[in-house]
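As a basis for the values below, the full set of heavy atoms in this structure was taken, side chains included, without hydrogen atoms, waters or symmetry mates. Numbers restart at 1 for each chain; the letters A, B, ... are given by sequence-line order, proteins then strands.
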Amino acid sequence: MNAERATRRFFATDPGSLAKKLIGQTLVRVLDDGTRLAGIIVETEAYLGQRDKAAHSYKLHRSARNEPMYAPPGTAYVYFTYGMHHCFNVVAGAIDEPVAVLIRALEPQEGESLIRLNRSRGDERRRENLRISDLCSGPGKLCQALHIDRSLNGVDLAMDPRLFILRTKTRRVADTKLTNTVRVGIDSAGDWKNRRLRWYLTASPHVSVRKGQNPRRQPV
DNA sequence: ATGACGATTTACT
DNA sequence: GTAAATCGTCATA
């Protein structure tokens, strides 16, 4: 209802603002066979570029890996980490300004059965036991769930048929429904690890980690 | 050429 | 709580 594909203009803002705007919007992945997988974005983190010690683009570092961060806003930056996981970012700001928003968690919306299969690694027992809140509750999990890998690195989210953001124009999640806290997994970022550049939908059970709470012990 | 490490996830003690 | 899995990237030589 009243949903439109996000255009370049939507992404052309500072990463903190985009991180907040993205909460509540829908991430859509269309597979080559036309299958559609989607989820509502419930958790994001902003990476501020040149001055941000936790960003891949700290001090304007530029390499083959993070090249998409220098591309126009609305570009996908997908990278491979820990030898086994992918992370998906939305490039923000302006061209040659390497800032981005990491998408950290989704509430599954379309294609749950295939998402469940993607997350089960061929283990039927595991597929049955996965809770809905385990499907996309982390940056690596949601990439595995929606088949997002380096083949989508650098694509234009405003134009590419395989990956885009569906934006509900008349709705926007109120700040009062969001928790704003420190980013996850950036322990070596010095004082930047204390900056509150992470946002999540406070009431959502699909968030990756909560302050002082082990996600594995969350009730169904 | 080599070694350390990572914007993570999972299983296990 | 701790540790393993697993490999591309980066800094150093």
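- Under a hydrophobic clustering in which Ile, Leu, Val, Met, Phe, Trp and Tyr are joined whenever their side-chain heavy atoms come within less than 4.5 Å, directly or via other members, A:Leu102 and A:Val155 fall into different clusters.
- With P as the reference atom, B:dT2 and C:dT6 are 23 Å apart, rounded to whole Å.
- Phosphate contact (OP1/OP2 of B:dG6, side-chain N/O of A:Ser188, threshold under 4.0 Å): present.
- Where stacking is scored as ring centres under 5.5 Å apart with planes under 30°, A:Tyr47 registers as stacked on the base of B:dA7.
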Walk me through whether A:Asp14 and A:Val99 qualify under side-chain contact (heavy atoms from CB on, under 4.5 Å). CA-CA 8 Å; A:Asp14 69 278; A:Val99 296; over 6 Å; no
Where does DNA chain C pair, written as one dot-bracket string 5' to 3', with Watson-Crick or G-U pairs under 3.5 Å, ( ) inside the strand, [ ] for crossing pairs and | for another strand? |||||.||||||.
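- The stretch residues 104-126 of chain A does not touch DNA chain C, since none of its heavy atoms comes less than 4.0 Å from the strand.
- Checking C:dG8, B:dT8, C:dA5 against the side-chain heavy atoms of A:Met84 singles out C:dA5 as nearest.
- Using a 4.5 Å heavy-atom cutoff, the side chains of A:Tyr58 and A:Asp52 are not in contact.
- Between A:Arg8 and A:Asp156, at least one side-chain nitrogen of the basic residue sits less than 4.0 Å from a carboxylate oxygen of the acidic one, meeting the salt-bridge criterion.
- Nearest to the side-chain atoms of A:Met69 among the listed nucleotides B:dG6, B:dT9, B:dA7 stands B:dA7.
- Counting non-hydrogen atoms under 4.0 angstrom, A:Leu102 reaches a base of the nucleic acid.
- Both A:His85 and A:Arg150 sit near DNA chain C, but only A:His85 has its closest nucleotide nearer the 5' end.
- Rounded to whole angstrom, the span from the NE2 atom of A:His86 across to the C1' atom of C:dT6 amounts to 12 Å.
- When all heavy atoms are compared, the tightest approach of A:Tyr70 to A:His61 is OH-O, 2.8 Å.
- Nearest nucleotide to the A:Phe80 side chain, out of C:dC10, C:dC7, B:dT10: C:dC7.
- Residue side chain A:Tyr82 meets the stacking definition with respect to B:dG6: its ring centre sits within less than 5.5 angstrom of the base's six-membered ring centre, and the planes differ by less than 30 degrees.
- One interatomic measurement links the two molecules: CG of A:Asn153 to C1' of B:dA7, which rounds to 15 Å at whole-angstrom precision.
- Here the P atom of nucleotide B:dA11 and the CG atom of A:Asn129 are 10 Å apart, to the nearest Å.
- A:Glu43 and A:Ser208 form a side-chain donor-acceptor contact under 3.5 Å, judged by distance and modelled atom types alone.
- Distances shown here put a side-chain N or O of A:Ser63 below 4.0 Å from the OP1 or OP2 atom of C:dC10.
- Straight-line distance between the P atoms of C:dG1 and B:dA7: roughly 22 Å, to the nearest whole Å.
- In this structure, CD of A:Glu45 is placed 6 Å from C1' of B:dA7, rounded to the nearest angstrom.
- Atom CH2 in A:Trp199 sits roughly 18 Å away from atom P in B:dA7 (whole-Å rounding).
- In this structure, A:His61 places its NE2 atom 4 Å from P of C:dC10, rounding to the nearest Å.
- Note: NZ (A:Lys59) to P (C:dC10) measures 15 Å, nearest angstrom.
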Take A:Ile165 and A:Leu27, measure what side-chain contact (heavy atoms from CB on, under 4.5 Å) needs, and give me the verdict at the end. CA-CA 5 Å; A:Ile165 305 290; A:Leu27 176 65; 3.8 Å; yes
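- Here A:His56 lies in heavy-atom contact (under 4.0 Å) with a base.
- With respect to the salt-bridge test (charged N to carboxylate O, under 4.0 angstrom), the residues A:Asp134 and A:Arg119 do not qualify.
- Each of A:Arg183, A:Arg195, A:Arg104, A:Arg196 was checked for a salt bridge (charged side-chain N to carboxylate O under 4.0 Å, His left out) with A:Glu45, and the lone residue meeting it is A:Arg104.
- The shortest distance between the side-chain N/O atoms of A:Lys193 and the OP1/OP2 oxygens of B:dA7 is not below 4.0 Å.
- Side chains of A:Leu48 and A:Trp192 form a contact here, defined as non-hydrogen atoms less than 4.5 Å apart.
- One finds a salt bridge joining A:Asp160 and A:Arg162 here, because a Lys/Arg side-chain nitrogen approaches an Asp/Glu carboxylate oxygen to under 4.0 Å.
- The residue A:Arg65 sits close only to the backbone: its heavy atoms come under 4.0 Å of sugar-phosphate atoms, none of a base.
- Atom CZ of A:Arg198 is separated from atom C1' of B:dT8 by 14 Å (rounded to the nearest Å).
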